[in-house]
Visitor: 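Below you'll find the structure I mean.
Residue numbers begin at 1 in each chain, while the letters A, B, ... track the order of the sequences.
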2 protein chains.
Amino acid sequence: MKRVTIGDVAAHAGVSTATVSRVLNGGLVAESTAARVWEAAESLGYSPNALTRSIFAGRSSTIGVIIRDLSSPFYLDLIRGIDEVAAASDSPVMLANTYRRADREAAQVRAMDQQRVRGLIITADETADSQARRMAENGTPCVIVARNPPGLHSVSLDDVAAGELMAAHLADCGRSRVGVVSGRNRPTQVKRVTGLRHGLVERGLPEPEEVLVENEDEVDAAVGSLLHRNDTVVCTTGRLTVSVHTALTARGLKMPDDIGFLTMDDFPWASTLGISVVAQPAYEMGRRAAELVVEEPAVPARIVFQPTLIARGSCGSGV
Amino acid sequence: MKRVTIGDVAAHAGVSTATVSRVLNGGLVAESTAARVWEAAESLGYSPNALTRSIFAGRSSTIGVIIRDLSSPFYLDLIRGIDEVAAASDSPVMLANTYRRADREAAQVRAMDQQRVRGLIITADETADSQARRMAENGTPCVIVARNPPGLHSVSLDDVAAGELMAAHLADCGRSRVGVVSGRNRPTQVKRVTGLRHGLVERGLPEPEEVLVENEDEVDAAVGSLLHRNDTVVCTTGRLTVSVHTALTARGLKMPDDIGFLTMDDFPWASTLGISVVAQPAYEMGRRAAELVVEEPAVPARIVFQPTLIARGSCGSGV
DNA sequence: ATGAAAGCGCTAACAC
DNA sequence: GTGTTAGCGCTTTCAT
């Protein structure tokens, strides 16, 4: 039950703790001594205490990642990118899911701070920004994902471009009356709608009709209200894709003939179902975010990625 | 840049570090002193160092969770259950994704051990069991999910029952010739097939025809080979659901008329697509796993959950 | 009610 | 090369 410490190893090998420490960290030690120490460590089942190491270093080597919604494919790919970079720099990753609850977000940021993470990657509301700023001042690099608040590192998507990409594709497919389901109060989604509107108007098409929802429950009614006057439904967030798609198919509507459908973020079922999407380079975004944590640039980096369209036919065929 | 320590707070409040510590942990302190200390902590922006606390306690309060595949809905629900219980006991959760790579699994278990996690919940291959046992001996409660190796806590599904549930439903739907796509070398899936076989034979139906695959790439061919002689395809793991479904629909087959389809684990798109599944109570399993970590029962607990069938028509309609 | 001081497991100067 | 020793930030007796 009592943990094996460096002292036990030292005693077993007949050397001092300092020597053991040197062996473990690749300092200058005689071959024979090193061998004895390794053997002792092995036979005692020694496992170094990362906590004590960190306390000495002033911070741990762990990278903290706060995710709003693990069930979203975007975040999964983001995490994959982060994991990749973190593994390369030998940093454990501490992932926390906040389930989009503001109180949990705040609590998780605080927890990560207290764990003295080496850096923090945050996907959260504006409310977390001030906490992040305080951490940054204390020397913990914080990267905000999907938004780009001033004074902090950020990795985000060109959301306006995403909207314009949607508009271009819809125009190519000969769609003209566009209904939009969008999340309430989401700056990201507001920009996407702005881009969409701009792109449509620019092409001489009517402005999109927008309806805002808070969560899944409201989607069916929202979609219903859009169907009267539109031939296409656009969804500005991957999170609502399932609900919107369900609302459509539940009414017996077939894509693209009865209704056009275009949404954000690629996901595994999209290709089987033939759903066209505007995708974010999530994996790359994750990599960059992690790199910012590792490299700690002195001035806040604001990295913006470009979206891409993946046409699969749910809006009809292009030009 | 220099972190505020308990000493700074003490100096600022004109008391000793011991007193600050007592205030922070709710010891016996005079109201007025406590107030001064809180104020000092506040104004200095003090954030307690969880690392040093843990080193003193001998272990951290963090619960480690090692997941094979974050993209699987089963694990997402499992995590939700874990998070819920962990939050209630004020334990941060450290999540690690291993992407089904044995080397990463081993590395993550080791990392968690070195972080001195309070307990560990593992979804991994047999290869990790010995590491887990060693940790358990050192006083770190380890819970294995989805398998139940001797000597360790475990939370798993009655896989044979899952197979039998499948057989029963298929029989109800009048299916008789069943092809099975299953993962190679997965004890869990072997049991499911056993249950399926037993259930079918018991009802006087022919044995299922099984084909083993390693990963997604092989699924299409596997499914193709099953279609000649069968009217139904069963998939024994949620991980392959997309690929199997794609292989089916890509051939223009409609469910349930052209082909029956039954798979494991519920997922968001299943209801929209009308896919019948045998589901695991993932959320509850997560809760129990976390509870085992928190409660640290002295003798290994082996908890087995029962699967449920969710019929949605992809095999036709039941009796 | 409060302070002084020892010590948690480990690292890093500084001696020898 | 290797040992001694002083901390890292915090908690916890033991005095006062």
Visitor: Output one line per pair: protein atom, nucleotide atom from nucleotides 8-11 of chain D, and distance, for all N/O pairs under 3.5 Å.
Guide:
unit_1: D:dC10; atom_1: OP1; unit_2: B:Tyr46; atom_2: OH; d: 2.7
unit_1: D:dC10; atom_1: OP1; unit_2: B:Asn49; atom_2: N; d: 3.4
unit_1: D:dC10; atom_1: OP2; unit_2: B:Ile6; atom_2: N; d: 2.5
unit_1: D:dT11; atom_1: OP1; unit_2: B:Arg53; atom_2: NE; d: 2.7
unit_1: D:dT11; atom_1: OP2; unit_2: B:Ser21; atom_2: OG; d: 3.0

Visitor: Taking only residues two or more places apart in sequence or in another chain, which ones pass salt bridge (Lys or Arg N to Asp or Glu O under 4.0 Å) with A:Arg288?
Guide: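 In terms of salt bridge (Lys or Arg N to Asp or Glu O under 4.0 Å), with neighbours along the sequence ignored, A:Arg288 is linked to A:Glu291.
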Visitor: Of all residues at least two apart in sequence or in a different chain, which pass the side chain to side chain donor-acceptor pair (under 3.5 Å) check with A:Arg133?
Guide: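 Counting only residues at least two positions away or on another chain, A:Arg133 forms no side chain to side chain donor-acceptor pair (under 3.5 Å).
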Visitor: Enumerate, atom names and distances included, each donor-acceptor pair closer than 3.5 Å involving a side-chain atom of residues 9-18 of chain A, sequence neighbours excluded.
Guide:
unit_1: A:Ser16; atom_1: OG; unit_2: A:Ala18; atom_2: N; d: 3.4
unit_1: A:Ser16; atom_1: OG; unit_2: A:Thr19; atom_2: N; d: 3.3
unit_1: A:Ser16; atom_1: OG; unit_2: A:Thr19; atom_2: OG1; d: 3.3

Visitor: Nearest whole angstrom, please: distance from the C1' of C:dT11 to the CG of A:Leu28.
Guide: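 These atoms are roughly 16 Å apart.
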Visitor: Can you give the donor-acceptor pairs under 3.5 Å from side chains of residues 21-30 of chain B to other protein atoms, not counting sequence neighbours?
Guide:
unit_1: B:Ser21; atom_1: OG; unit_2: B:Asn25; atom_2: ND2; d: 3.4
unit_1: B:Asn25; atom_1: ND2; unit_2: B:Ser21; atom_2: O; d: 2.7

Visitor: Applying side-chain hydrogen bond (donor to acceptor under 3.5 Å, both in side chains) as the test, list every pair that has at least one member in residues 42-58 of chain A; sequence neighbours left out.
Guide: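 Sorted pair list: A:Ser47-B:Asp113, A:Ser47-B:Arg116, A:Asn49-A:Thr52.
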Visitor: Report the distance from atom CD1 of A:Ile63 to atom CE of A:Met94, rounding to the nearest 0.5 Å.
Guide: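 A:Ile63 CD1 to A:Met94 CE: 13.0 Å, rounded to 0.5 Å.
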Visitor: What residues, two or more places apart in sequence or in another chain, satisfy side chain to side chain donor-acceptor pair (under 3.5 Å) together with B:Arg104?
Guide: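 None.
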Visitor: My understanding is that only residues two or more places apart in sequence, or in another chain, count here; which of them pass side chain to side chain donor-acceptor pair (under 3.5 Å) with A:Asp83?
Guide: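 Applying side chain to side chain donor-acceptor pair (under 3.5 Å) to A:Asp83 gives B:Tyr99.
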Visitor: Return the residues of residues 107-115 of chain A meeting this criterion: a heavy atom under 4.0 Å from some atom of DNA chain C. Order them by number, or give none.
Guide: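 Nothing qualifies; none.
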Visitor: Distance-only check: which donor-acceptor pairs under 3.5 Å involve side-chain atoms of residues 71-78 of chain B, not counting sequence neighbours?
Guide:
unit_1: B:Ser71; atom_1: OG; unit_2: B:Asp69; atom_2: OD1; d: 2.6
unit_1: B:Ser72; atom_1: OG; unit_2: B:Phe74; atom_2: N; d: 3.4

Visitor: Kindly write out the residues that satisfy side chain to side chain donor-acceptor pair (under 3.5 Å) with B:Ser89, not counting sequence neighbours, or none if the list is empty.
Guide: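 Listed in chain order: B:Ser91.
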Visitor: State, to the nearest 10°, the angle formed by the axis through the first five base pairs of the helix from C:dA1-D:dT16 to C:dC16-D:dG1 and the axis through its last five.
Guide: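 Result, rounded to 10 degrees: 40°.
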